[in-house]
Amino acid sequence: MTQQHPDASGGSGNRVPPRRRSDEVYWTLRQEIVDGVLRPNAPLVEDEIAARLGVSRTPVRESMQRLMADGLIRSQRRRWVVHEYSRQEVAHLYEVRAGLEAQAARLAALRAGPEERESIAGWRDRMTSPTVDSLCDRASSNDAFHDAITAASGNPLLLEMIHANRLFHFNKRIAALYSAEEIAVSSRQHGDLITAVCEGDANRAGDTAREHTEYSLGIILQKLF
């Protein structure tokens, strides 16, 4: 889990164009895996990927090595497949993420400037809607929302570590598992987090971020394993 996206500002829509073709292939495949487009145990055939992405096999081969180092794919019977996370691996990832997100929220509450607080407050409607229809949109926006808070912490290394840990996270596949009640709880937690950060309440912000991450883990472990 050593690879970070070259864009440290957060948000999948604000990426810096990769400098090398292998970087482009790597980030495309990485995002497809993390978002659940490429499902666990799906085979990854280098020739097929090269044809689909319009590249030679060399950048695909280089990307596979990087994805294996990240723990996202593995070699199985002389072919690449998407890694299927065990219950324990997912729990470990979220335990680390809970600590990172809590510290990021705490620092954001202490350090965010007026413009950053205004930006974070601007996420309220999108991230607190309790309707089922809103959840797919929230899944697409989730990373950018949490990155906005982490960026306000003033600690770029913290943001990089959270990006590196984001190997199994809230995507459309997981969003579809949420009940109406669970959506309401998640919405409340987002609202509380926004309020705490914008009001400069560091302890409440940290506690809420940790609660939210642990709540998400509980849903995943209950419904996927």
Could you tell me if the side chain of [Y] sits less than 4.5 Å from the side chain of [X], heavy atoms only?
X	Y	answer
Glu84	Arg39	no
Val45	Trp80	no
Leu53	Thr28	yes
Val81	Ile73	no

Option among Arg61, Arg79, Arg57, Arg52 that satisfies the salt bridge (Lys or Arg N to Asp or Glu O under 4.0 Å) test with Asp47: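 It is Arg57; the other options fail the test.
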Between [X] and [Y] (side chain of the first, backbone of the second, donor and acceptor by atom type, cut-off under 3.5 Å), is there such a pair?
X	Y	answer
Arg117	Val197	yes
Ser63	Ser22	yes
Thr150	His146	yes
Glu116	Gly113	yes
Asn155	Leu157	yes
Ser186	Glu182	no
Gln65	Glu62	no

Relative to the ring of His212, is the ring of His190 parallel (under 30°), tilted (30 to 60°) or perpendicular (over 60°)? tilted
With no hydrogens and no angle check, do the side chains of [X] and [Y] hold a donor and an acceptor under 3.5 Å apart?
X	Y	answer
Arg97	Thr213	no
Asn41	Arg74	yes
Thr195	Arg124	yes

What is the minimum heavy-atom distance between [X] and [Y], and which atoms define it?
X	Y	result
Ala205	Ala109	CB-CB, 4.1 Å
Ser129	Ile183	O-CG2, 4.1 Å
Leu221	Arg87	O-NH1, 3.2 Å
Ser216	Tyr178	OG-OH, 3.7 Å
Asp192	Thr208	CB-CG2, 3.9 Å

Quick check on Glu118: does its CD atom have over 12 non-hydrogen neighbours (other residues, nucleotides or ligands) under 6.0 Å away?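 No, the 6.0 Å shell around CD holds no more than 12 heavy atoms from other groups.
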NZ/NE/NH1/NH2 to OD/OE distance under 4.0 Å, Arg20 and Asp23: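 A salt bridge links Arg20 with Asp23.
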Could you check, using the six-membered ring where one of them is a Trp, whether Tyr94 and His92 have ring centers closer than 6.0 angstrom?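 Not close enough - the centres of the two rings lie 6.0 Å or further apart.
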